[in-house]
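What's counted below: heavy atoms across the whole structure, side chains too, no hydrogens, waters or symmetry copies. In what follows, residues are counted from 1 in the order of the sequence shown.
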Amino acid sequence: MNVRLQRWIPAAVAVLGAAFALGTLAMTQWVEGVGTGQGKGLRNTLRKYDPLQRIELITYDWRARRAADQEIVVAPRLGLIALDDLSIAELQDGEILGVPVGPLWPRYVYGLVLRELRAQGAEGVAMDILLGDERPDHGPVPLDGLTNLISDDYFAQELAESGNVVLAAVTNFPPALPFRRAASALGDADSPRDVDGTARRVNAFADYTFLHPLIETQARRQGLKVIDVTSDAIVLRSPEREDPVRWPILPDGSVRVLRPNGALEATSVTVSRRVWNMGIALAAIRLGLDLDSARVERGRIAFPDTNGVVSRVLPITEANQFFINWSTVSTNRNRIAAAGLINLVGNERLRAAAPTNAWPAEWAGHLVVIGSTATGNNLADRGSTPIAPLDYLVSTYINVVDSMLRGQFVHFPPDWVDYLIVLVAALLGSGLTWRLRTILASLSLLSLGVLWVGIAFWAFERDRLWLPMAHPLLAGLVVNHAAMLTYRSVFEQRERQRVRGIFSKIVSPNVVQELLKADQISLGGLRRELTVFFADVRGFTELTDRAQVAAEEHVRTAGLTGAEAEAYFEQQSSEVLQTVNLYLATIADVIKAHRGTLDKYIGDCVMAFWGAP
């Protein structure tokens with residue numbers, strides 16, 4: 001290989017290694033730009049098989065777990081009302097309500113809970129329960145003084161009177177219209193998962209599309225159910241007729257709503273509404289945030305209060321998601337208040353029986369999340385979080401509320417900082433491996449890796465700053481270290497073999513090994529005590545002269561001329577050369593056998609020395 005070209009090979013290996021490291025980071029950031037959707041596109045496929053991002057998420061869990069362990073307190077007056085197994089069993093027993101109710105309770109049970117929380121002075125309530133349809137089959141409330149109310153109507157009444165209740169919603173199953181109107185806000189309860197099934201992040205908001213309120217209201221009054229929306233009509237089903245009812249969509253996009261006493265006109269088929277994460281919506285009650293005025297900017301959301309002053313800035317991803325600052329599990333009673341739903345129902349019944357008594361107000365001033373901690377198949381809502389392999393996922397909203405109240409969010413350095421970190425790691429991985437001995441380079445890179453892990457943990461614990469670990473350490477240090485070691489082992493071994501092949505012809509194998517082990521060979525000269533050996537063939541010149549005279553005599557006596565004479569002279573010269581080569585080869589072998597260095601041949605003379613290669 002050309003020597004000049006060979007000098008550039010290490011640099012080329014380093015450049016390619018750095019390009020690989022940066023390329024893996026670029027791919028991960030591109031893939032993560034679409035969030036955690038479950039589609040079948042290229043990005044979602046790459047996300048599923050991106051090992052470095054999976055490792056990065058694991059390191060996030062380590063950091064989150066350590067940070068949560070270091071946490072001393074969470075936001076005050078934050079609690080959980082649990083739909084637990086005990087509540088289910090006691091409500092099924094029927095002793096408290098006087099009538100047994102199953103796990104899928106009539107809505108009036110939730111109305112009783114809201115009534116008690118209002119009486120105790122709860123500051124805000126978020127219900128992690130999907131109420132996407134009405135249940136007229138639940139009938140009237142079977143309690144004294146409330147039998148004139150249908151169960152759903154009673155719940156909607158308590159929602160409206162509370163004035164501080166956030167109802168859970170998902171895009172394909174929002175709360176039914178009466179509940180939606182009565183609630184103070186809707187809260188997005190979609191639960192995205194990362195590729196390993198762990199709940200680490202949530203959507204900051206979702207843009208919902210509802211049918212125009214006039215359409216929903218009139219359909220409900222007429223006992224109709226919307227079954228389809230076509231390009232030219234709203235299609236509804238009536239229990240009184242087989243053919244569907246059609247409300248025409250006019251060319252201007254409005255809808256002609258038909259009713260028995262005349263038609264009405266809705267200005268549009270649908271209306272859009274931004275629904276914030278349920279934890280954000282609940283925290284906004286205490287913080288006094290004006291969510292309608294929140295500004296979604298690149299990489300962040302600015303939340304102003306009612307005076308227009310931005311009091312919270314939430315870092316988000318390109319997909320408008322944010323990583324939760326996990327600080328507690330749902331079962332940690334040292335950090336959050338908690339009670340079973342049955343306790344609230346029981347307190348409400350006691351208060352209703354003796355309203356003049358002084359009853360405790362343990363939930364006064366609390367932000368409360370109502371959610372399931374039951375273990376039945378139809379009620380269990382459990383999963384993996386960064387700080388617990390298995391937890392009730394109602395804790396998601398508790399942690400979001402806590403993060404909003406304390407203004408403590410997980411944030412990231414700018415993209416260019418990530419790329420710079422990976423580039424420096426890649427260059428260090430290549431450079432140190434090239435310059436240092438293998439063991440020393442490996443120890444140096446290991447030390448740098450441990451140092452970076454320490455820095456990343458410290459940054460997360462102190463400021464919730466998520467510094468990359470997988471890409472710098474693996475794609476940067478490890479891959480480039482391995483690539484440069486491969487070059488050194490393959491190409492340098494080939495060079496050693498070439499040098500060994502050349503020198504073994506003139507020196508002993510031991511001397512060759514000594515040369516190859518040397519860190520560097522100086523051409524400046526050294527003072528050494530040497531033994532120099534000269535040897536030639538006695539009378540060699542006279543021998544060659546006699547051979548030449550004998551050859552000329554043979555040519556003359558044999559009458560050889562031209563090509564024949566020339567061929568005979570070459571034959572005689574070859575015989576002389578063979579004699580010399582036999583001698584030189586023999587003496588060279590003897591010199592090498594005695595670990596000498598064969599310096600040169602001078603005709604029939606051999607020069608060798610001992611004491612230095």
Kindly indicate whether the side chain of [X], heavy atoms from C-beta on, has any atom under 4.5 Å from the side chain of [Y].
| X | Y | result |
| --- | --- | --- |
| Tyr601 | Met607 | no |
| Val453 | Leu473 | yes |
| Trp326 | Thr385 | yes |
| His411 | Arg300 | no |
| Thr198 | Pro386 | yes |
| Leu367 | Leu405 | yes |
| Ile280 | Tyr397 | no |
| Ile324 | Arg201 | no |

* Asked: Within 45 degrees of the axis of the six-membered ring of Phe205 and under 6.0 Å from its centre: does Arg274 put its NZ or CZ there?
  -> yes
* Spatial distance of atom CG (Asp418) from atom CH2 (Trp466) [nearest 0.5 Å] -> 10.5 Å
* To do: Measure from the ring center of Phe457 to the ring center of Trp62 and say whether it is less than 6.0 Å.
  =>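 No; Trp62 has its ring centre 6.0 Å or more from that of Phe457.
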* Taking the six-membered ring for Trp and the full ring for Phe, Tyr or His, determine whether the centres of Tyr60 and Phe460 are under 6.0 Å apart. => yes
* Asked: Just by distance, do the side chain of Ser372 and the backbone of Ala374 share a donor-acceptor pair under 3.5 Å?
  -> yes
* Looking only at atom types and distance, does a side-chain atom of Asp188 sit under 3.5 Å from a main-chain N or O of Ala206, one as donor and one as acceptor? -> no
* Taking atom CD1 of Ile439 as the centre, does the number of heavy atoms from other residues, nucleotides or ligands within less than 6.0 Å exceed 12? -> no
* Asked: Do Asn480 and Ser430 have a side chain donor and acceptor closer than 3.5 Å?
  ->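 The criterion, which ignores hydrogens and geometry beyond distance, is satisfied for Ser430 and Asn480.
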* Asked: Are side-chain N/O atoms of Gln29 and Tyr419 paired as donor and acceptor at under 3.5 Å?
  -> yes
N-O pairing of [X] and [Y] below 4.0 Å:
| X | Y | result |
| --- | --- | --- |
| Asp61 | Arg200 | yes |
| Glu461 | Arg66 | yes |
| Arg406 | Asp402 | yes |

* Asked: Could you go step by step and tell me if Thr373 and Asp84 meet the side chain to side chain donor-acceptor pair (under 3.5 Å) rule?
  -> CA-CA 5 Å; Thr373 63; Asp84 55 4; 5.1 Å; no
* Structure fact -> Of all heavy-atom pairs linking Leu427 and Ala18, the shortest is CD2-CB, 4.5 Å
* Of Glu56, His471, Gln53, the residue whose pairing with Thr28 passes side-chain hydrogen bond (donor to acceptor under 3.5 Å, both in side chains) ->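 Between Thr28 and the candidates, side-chain hydrogen bond (donor to acceptor under 3.5 Å, both in side chains) is satisfied uniquely by His471.
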